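Below is one structure, written out as structure tokens; comments come after it.
Side chains included, hydrogens not; waters and symmetry mates left out as well; all remaining heavy atoms used. Whatever order the structure lists ligands and atoms in, that order sets their numbers, starting from 1. A quick note: this is a predicted structure, and the numbers were derived from the prediction, not measured.
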Amino acid sequence: MSRLIVISNRVSTGGGAQGGLAVALNAALREKGGIWFGWSGQRTDQFTGHINLQREDGVTSATIDLEDQDIDEYYNGYANRTLWPLFHYRIDLAEYERDFAGGYQRANERFAETALPLIEPGDIVWVQDYHMFPLGAELRKRGIENRVGFFLHIPWPPRRLLTTLPEARALVETMLAYDVIGFQTREWLDSFCDYACDEMGATLAEDGTLALAERRVRLVACPIGIDADAFAALAASRRASDAYERVRASLVGRALIVGVDRLDYSKGLEERFLGYERFLADNPNERKEVVLLQIAPPSRGTVESYQRIRTALEGLAGRINGAHAGLDWVPIRYVNQGYERDVLAGVYRASRIGLVTPLRDGMNLVAKEYVAAQNPEDPGVLILSRFAGAAEQMTDALIVNPHSAEEISDAIGVALTMPREERRRRWQGLIEGVRHEDVMWWLDAFTAQLTLAPNAHAKSAVRHGGV
Ligand code: GDG
């Protein structure tokens with residue numbers, strides 16, 4: 001069996017509270033053998049390419065430290081100030097700086113150079129996410145003939161937005177070095193094809209193979225899932241039950257609406273608060289019967305646009321609470337900290353509504369976790385943005401346009417009065433999908449595509465030059 005080499009910006013092996021993705025990749029690495037390679041998250045005065053190898057719980061991790069300039073230009077710069085906003089359709093926030101692009105390219109060359117000796121013939125290599133688009137091409141330039149796949153966790157932007165990026169064409173060209181490229185949804189896959197075909201003259205065959213000159217790459221829509229059974233078990237754990245009881249007691253009979261998101265402008269938090277405010281204004285009789293709990297642990301706090309959203313949300317929560325709160329009721333509990341996964345599971349279960357309203361999201365795992373955590377006898381209602389990748393699969397949710405405060409308000413009203421029978425029917429439809437297309441399904445589906453892909457880069461096959 002081929003070993004698996006996973007390459008991603010950050011590595012998450014070993015124990016501790018891990019998300020489903022880390023658990024699944026660790027399980028695959030344990031089963032297939034192999035290595036998880038990436039940035040340690042640490043800085044160094046001068047880049048040396050020294051690899052820190054560690055073996056924990058049967059999985060080998062290999063990490064490198066980066067210089068401050070790499071961290072600024074590659075990670076905080078191109079990845080988080082250029083690509084992340086652009087790929088979430090926010091060209092108003094995207095910063096196009098040649099230094100960022102240069103630092104991104106340099107960091108990817110460094111990743112390729114250091115990962116190279118770890119890769120053996122026959123290994124399959126799987127590169128993760130937007131931090132590392134050019135990595136496959138950099139490995140090919142250094143003579144790698146292995147099967148190399150790429151999975152994009154975030155959306156792919158429409159062609160007309162992508163063309164604003166000065167390096168768009170070069171970036172897409174580098175991606176043709178992969179054997180398989182996975183997207184969360186058909187929509188993102190189509191946007192990628194649109195650019196490659198209309199701007200670059202590529203063609204797409206019926207079997208999903210994109211061809212440009214001598215290059216061939218298989219495109220697949222392969223939605224990521226969660227470890228649904230493990231998450232349901234977590235929701236039934238002692239710590240989850242404690243959290244459930246604590247939250248329920250604090251509500252004194254009111255219905256809880258929950259949102260859980262990294263503090264990020266793509267998650268639609270301001271629009272969510274405005275939708276909730278609208279509900280309070282439109283439903284004077286019910287308004288004291290609900291509480292919105294928004295858990296939003298800060299992320300990427302050194303980037304200015306993230307500081308701005310934090311300030312904006314604090315102002316908005318303060319304004320709404322100031323206008324509506326009474327002696328014994330505050331409409332929004334806005335919490336700027338993270339919780340353990342089992343506590344989160346208990347909070348999801350205690351909530352009558354899961355409010356998941358990103359403006360744009362590759363998939364959104366919170367929606368799936370919320371469903372997995374519910375009590376089957378008395379499940380809550382998922383309100384889901386049509387702009388989350390998850391909306392393609394989770395059609396039994398109440399689907400809303402997160403830009404419309406009225407639609408959010410109406411959906412809250414419908415969810416609060418939804419009869420138990422309908423809640424159970426909708427939840428049944430949702431949980432079947434969440435259980436079936438879980439994270440192991442995703443992993444198996446992608447690695448199967450990669451293993452089966454014709455190895456166009458092997459010595460015996462036609463050789464393609466680097467970009
Ligand atoms: C990217 C894409 C795609 C959140 N708060 C806490 C906490 N979380 C956990 C959630 C969930 C995860 O973080 C967030 O996952 P999402 O999928 O919602 O979003 P991104 O972080 O933006 O992830 C996304 C994903 O990649 C996978 O492909 O779905 O579209 O943007 O698991 O539970 N976890 C803990 N405490 C918190 O306070 N422990």
Side-chain angles (χ1 to χ4, degrees), residues 6 8-10 12 16-25 79-80 83-90 126 128-131 150-157 182-185 187-188 221-228 230-231 234-235 237 239-240 243 258-269 272 293-300 306 309 333-349 351 354-373 382 384-385 387-394 434 437-439 441-443 446:
V6 174
S8 61
N9 177 54
R10 296 299 300 275
S12 180
Q18 291 181 327
L21 174 61
V23 171
L25 288 173
N80 287 335
L83 295 178
W84 177 274
L86 168 63
F87 279 57
H88 289 86
Y89 297 35
R90 293 297 302 269
W126 190 6
Q128 308 279 329
D129 227 358
Y130 64 101
H131 310 89
F150 178 86
F151 188 82
L152 183 64
H153 290 261
I154 65 175
W156 184 273
F183 299 90
Q184 302 270 27
T185 66
E187 186 180 347
W188 318 139
C222 189
I224 195 168
I226 61 166
D227 188 342
F231 205 82
L234 209 59
S237 69
R239 278 169 54 100
V258 72
V260 176
D261 310 77
R262 276 186 311 100
L263 190 50
D264 191 294
Y265 47 79
S266 67
K267 302 294 182 183
L269 293 166
R272 185 178 311 169
L293 168 62
Q294 178 62 55
I295 296 176
S299 72
R300 305 173 193 170
Y306 287 78
I309 169 125
R333 296 182 193 171
Y334 176 48
V335 184
N336 256 173
Q337 72 172 65
Y339 289 90
E340 298 293 329
R341 286 178 72 70
D342 43 13
V343 172
L344 274 191
V347 174
Y348 288 142
R349 199 177 174 100
S351 304
L355 195 49
V356 183
T357 54
L359 304 181
R360 205 54 69 174
D361 216 334
M363 174 54 54
N364 194 294
L365 297 181
V366 170
K368 297 186 175 184
E369 291 166 0
Y370 176 76
V371 168
L382 176 65
L384 179 60
S385 161
F387 302 125
E392 249 183 38
Q393 295 166 295
M394 305 183 84
V434 171
E437 292 179 346
D438 69 355
V439 72
W441 173 91
W442 166 78
L443 196 133
F446 187 88

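- Ligand-side atoms of ligand 1 in range of V366: 10 (C), 18 (O), range being under 4.0 angstrom from any heavy atom.
- Each of the atoms 20 (P), 21 (O), 22 (O) of ligand 1 lies under 4.0 Å from some heavy atom of R262.
- When heavy-atom distances to ligand 1 are checked against a 4.0 Å cut-off, L344 comes that close only through its side chain, counted from C-beta outward.
- Contacts of K267 with ligand 1, taken as heavy-atom pairs under 4.0 Å, involve the side chain alone.
- Screening V356, V434, N364 for a side chain to side chain contact (heavy atoms under 4.5 Å, CB included) with M394, the sole residue that qualifies is V434.
- Residue G362 approaches ligand 1 through these ligand atoms, each under 4.0 Å from one of its heavy atoms: 30 (O).
- Applying the 4.0 Å criterion to heavy atoms of E369 picks out, from ligand 1, the atoms 10 (C), 11 (C), 32 (O), 33 (O).
- Considering backbone and side-chain N/O atoms, N364 comes within less than 3.5 Å of an N/O atom of ligand 1.
- Taking 4.5 Å as the limit, some side-chain heavy atom of L152 sits within range of a side-chain heavy atom of D129.
- The distance criterion of under 3.5 Å between nitrogen or oxygen atoms is not met by W84 with respect to ligand 1.
- Every N/O-N/O distance between H88 and ligand 1 stays at or above 3.5 Å.
- Ligand 1 has a nitrogen or oxygen under 3.5 angstrom from a nitrogen or oxygen of H153.
- For the atom pair NE2 (H153) and OG (S8), the distance works out to 8.0 Å, reported to the nearest 0.5 Å.
- Heavy-atom contacts of Q184 reach the following atoms of ligand 1: 3 (C), 28 (O) (cutoff under 4.0 Å).
- Every atom of ligand 1 with a heavy atom of G338 under 4.0 Å away is listed here by number and element: 37 (C), 38 (O).
- Taking a cut-off of under 4.0 Å to the non-hydrogen atoms of V260, the atoms of ligand 1 that pass are 4 (C), 5 (N).
- Residue-level proximity to ligand 1 for L365 is carried by backbone and side chain together, each with a heavy atom below 4.0 angstrom.
- Below 30°, between 30° and 60°, or above 60°: for Y89 and W188 the angle between ring planes is above 60°, a perpendicular geometry.
- Rounded to the nearest 0.5 angstrom, M363 CE and T185 OG1 are separated by 7.0 Å.
- Classification of the W126-W442 ring pair by plane angle, with boundaries at 30° and 60°, yields tilted.
- In this structure, the side chains of F231 and R341 come closer than 4.5 Å at one or more pairs of heavy atoms.
- With sequence neighbours left out, F183 forms a ring pair (Phe, Tyr, Trp, His ring centres under 6.0 Å) with F192.
- For the pair V260/Y348, a side-chain contact is recorded, criterion being any heavy-atom separation below 4.5 Å from C-beta on.
- Residue contacts with ligand 1: Y130 is excluded, as none of its non-hydrogen atoms falls under 4.0 Å.
- Between E340 and ligand 1, not a single N/O pair is under 3.5 Å apart.
- The shortest N or O to N or O distance between I154 and ligand 1 is not under 3.5 Å.
- Residues satisfying the side chain to side chain contact (heavy atoms under 4.5 Å, CB included) criterion with D264, sequence neighbours excluded, are W84, R262, S266, K267, R300, Y306.
- With values rounded to the nearest 0.5 angstrom, R272 atom CZ is found 4.5 Å from Q294 atom CD.
- Looking at P297 next to ligand 1, no N or O pair under 3.5 Å apart turns up.
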